[in-house]
Amino acid sequence: METGVACFARATILPSVASQHTTSSFASPRTISPSFTTRSLKSSSLFGEALRVMPRSSLKVSKSQNSSVVTKCEIGESLEDFLSKATPRQGFDQIADLAVDMLADKLLFDALTHSHFCKYACSEEVPELQDMGGPVEGGFSVAFDPLDGSSIVDTNFTVGTIFGVWPGDKLTGVTGGDQVAAAMGIYGPRTTYVIAIKGFPGTHEFLLLDEGKWQHVKETTEISEGKMFSPGNLRATFDNPDYDKLINYYVKEKYTLRYTGGMVPDVNQIIVKEKGVFTNVISPTTKAKLRLLFEVAPLGLLIENAGGYSSDGTQSVLDKVIVNLDDRTQVAYGSLNEIIRFEETLYGSSRLKSGVPVGASA
């Protein structure tokens with residue numbers, strides 16, 4: 001089957017948007033205060049390389065054994081138009097177009113209930129399945145982290161929302177590769193929304209405009225090599241000599257340190273900058289913290305759809321079976337050579353390469 005999407009790129013000058021950030025913990029997803037909302041603030045400044053004025057159109061081809069997908073993506077189109085072209089699934093736009101401007105558990109559960117296509121939802125704050133009333137056949141189940149980076153809210157760092165979408169009514173006994181989509185909202189100087197849809201090329205960034213519309217501003221299809229690193233859980237270097245060796249390699253090779261303490265901005269910069277590596281490694285005294293269902297698997301789909309790679313040390317995080325809702329794991333995201341280096345340094349070999357070790361593992 002061949003699918004063609006004809007589009008025309010146009011130059012855009014985009015305003016910046018800041019969002020009010022609020023955190024809360026809720027016992028029930030069904031009751032919601034009408035006064036609990038988010039607001040957008042206008043600004044005349046432009047932030048970030050992703051906002052450069054750049055008329056372009058790009059042709060991307062993705063081929064599998066029995067099909068090819070040819071799509072010409074438009075920079076400047078709305079999120080609604082993008083979703084209608086990227087996937088034929090009925091009701092999918094109702095699931096995917098709701099998380100980025102909602103900052104708390106309660107709002108997300110409420111929105112998923114009103115989507116009418118979500119069967120079950122589960123959050124990192126309340127890791128129990130909640131029945132959202134949607135259908136099993138043709139419906140979806142959603143796992144989300146409502147406010148990733150809540151520990152850095154008080155310092156006004158960038159935080160975000162992560163969510164993964166699985167078909168049907170199962171969130172255990174599945175893998176990250178079974179997701180039909182994943183997305184994250186980033187609440188910084190600009191409010192952006194990054195989405196990947198299984199079977200559709202690329203990972204796509206949308207900007208929240210003043211009028212409340214989402215505009216397509218960037219498409220990422222390749223994560224190239226580049227000396228930028230975000231090292232999470234550095235305390236593990238104390239009793240994990242292999243992780244210590246990897247970090248020392250980055251320093252010795254004069255990598256640029258870009259680490260915020262928030263997983264969303266640190267992984268998002270790999271997609272936006274199209275280079276770099278993020279690591280969060282365990283040790284005998286520092287156990288895995290990151291949750292496979294709510295964080296690691298959705299971000300894995302975003303990175304891999306963007307042309308990057310993910311690893312838990314021995315395999316792609318998209319291949320890991322989610323046995324329990326609260327399963328946790330170590331992880332690395334980045335370019336091909338960075339993931340090879342990560343796997344070889346920590347475990348002596350890489351599934352992505354055979355032969356002579358590279359970098360820090362040499």
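The figures that follow rest on heavy atoms only: side chains count, while hydrogens, waters and symmetry mates do not.
- There is no side-chain donor-acceptor pair under 3.5 Å between S224 and E274.
- Within the structure, salt bridge (charged side-chain N to carboxylate O under 4.0 Å, His left out) pairs that include any residue of residues 285-295 comprise E124-R291, R291-D326 (at least two apart or interchain).
- Between V264 and T158, every side-chain heavy-atom pair lies at or beyond the 4.5 Å cut-off.
- Test V180, T175, L293 against W166 for side chain to side chain contact (heavy atoms under 4.5 Å, CB included) and you get one pass: L293.
- A donor atom on one side chain and an acceptor atom on the other are not found under 3.5 Å apart for D110 and T113.
- Between S78 and W214 the shortest side-chain heavy-atom distance does not fall below 4.5 Å.
- Taking the six-membered ring where the residue is Trp, F229 and Y255 present perpendicular rings, their angle passing 60° and hence far from 30°.
- S230 and Q269 are linked by a side-chain donor-acceptor pair at a separation below 3.5 angstrom, with hydrogens and angles left out of the test.
- We find the CD-OG1 distance between Q315 and T329 to be 8.0 Å, quoted to the nearest 0.5 Å.
- A donor-acceptor pair is defined here as one N or O able to donate and one able to accept, closer than 3.5 Å; no such pair exists between the side chain of K320 and the backbone of L292.
- In this structure, a donor-acceptor pair under 3.5 Å is absent between the side chains of T345 and Y243.
- For the pair L79 and L83, the minimum side-chain heavy-atom distance is below 4.5 Å.
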inquiry  = What verdict does the side chain to side chain contact (heavy atoms under 4.5 Å, CB included) test give for H204 and F82, after you've listed the backbone C-alpha separation in whole Å, the side-chain angles of each residue and the deciding distance to 0.1 Å?
reply    = CA-CA 9 Å; H204 301 265; F82 171 82; 3.3 Å; yes

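- Summarising the local packing, CZ of F238 is surrounded by 12 or fewer heavy atoms from other residues, nucleotides or ligands at distances under 6.0 Å.
- When all heavy atoms are compared, the tightest approach of F294 to A143 is CD2-CB, 3.9 Å.
- Checked by atom type and distance alone, the side chain of D148 never pairs as donor or acceptor with a backbone atom of I162 at under 3.5 Å.
- Residue I195 holds its CD1 atom at 9.5 Å from OG1 of T203, rounded to the nearest 0.5 Å.
- Taking the charged nitrogens against the carboxylate oxygens, R258 and D266 have no contact shorter than 4.0 Å, which rules out a salt bridge.
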query = Going through the distances and angles, do K273 and M228 end up as a side chain to side chain contact (heavy atoms under 4.5 Å, CB included)?
reply = CA-CA 10 Å; K273 298 291 188 182; M228 182 179 72; 4.2 Å; yes

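- Contact detail for I339 and G334: the closest heavy-atom pair is CD1-N, 3.7 Å.
- The residues K275 and E338 are annotated as not salt-bridged, no charged nitrogen and carboxylate oxygen being separated by less than 4.0 angstrom.
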Report, one line per pair, each donor and acceptor closer than 3.5 Å where one atom sits in a side chain of residues 297-305; sequence neighbours left out.
{"from": "E304", "atom 1": "OE2", "to": "S310", "atom 2": "OG", "distance (Å)": "2.7"}
{"from": "E304", "atom 1": "OE2", "to": "S316", "atom 2": "OG", "distance (Å)": "2.7"}
{"from": "N305", "atom 1": "ND2", "to": "I197", "atom 2": "O", "distance (Å)": "3.3"}
{"from": "N305", "atom 1": "ND2", "to": "F200", "atom 2": "O", "distance (Å)": "3.0"}
{"from": "N305", "atom 1": "ND2", "to": "G202", "atom 2": "O", "distance (Å)": "3.0"}

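- The closest side-chain heavy-atom distance from K198 to V165 is not below 4.5 Å.
- With no hydrogens or angles considered, no side-chain donor-acceptor pair links T279 and Y333 at under 3.5 Å.
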Please set out all donor-acceptor pairs under 3.5 angstrom arising from side-chain atoms of residues 134-142, sequence neighbours excluded.
{"from": "S141", "atom 1": "OG", "to": "G168", "atom 2": "O", "distance (Å)": "2.8"}

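- Salt bridge status for E343 with R351: present, with a side-chain N to carboxylate O gap under 4.0 Å.
- Considering only heavy atoms from C-beta on, V281 comes within 4.5 Å of F342 through its side chain.
- A parallel orientation is assigned to the rings of F206 and H216, their planes being inclined by less than 30° (bins at 30° and 60°).
- Between D312 and V331 there is no side-chain heavy-atom pair separated by less than 4.5 Å.
- Checking S84 against D81 by side-chain atom types alone, no donor-acceptor pair falls below 3.5 Å.
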task = Show your reasoning for whether side chain to side chain contact (heavy atoms under 4.5 Å, CB included) applies to M184 and N268.
result = CA-CA 9 Å; M184 61 180 169; N268 184 60; 3.5 Å; yes

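- Using a 4.5 Å heavy-atom cutoff, the side chains of L346 and L246 are in contact.
- Inter-residue side-chain proximity for T172 and V323 is flagged as unmet; no heavy-atom pair is nearer than 4.5 Å.
- Side chains of S335 and E225: a donor on one and an acceptor on the other come within 3.5 Å.
- Looking at T220, its side chain does come within 3.5 Å of a backbone N or O of I271 through a donor-acceptor pair.
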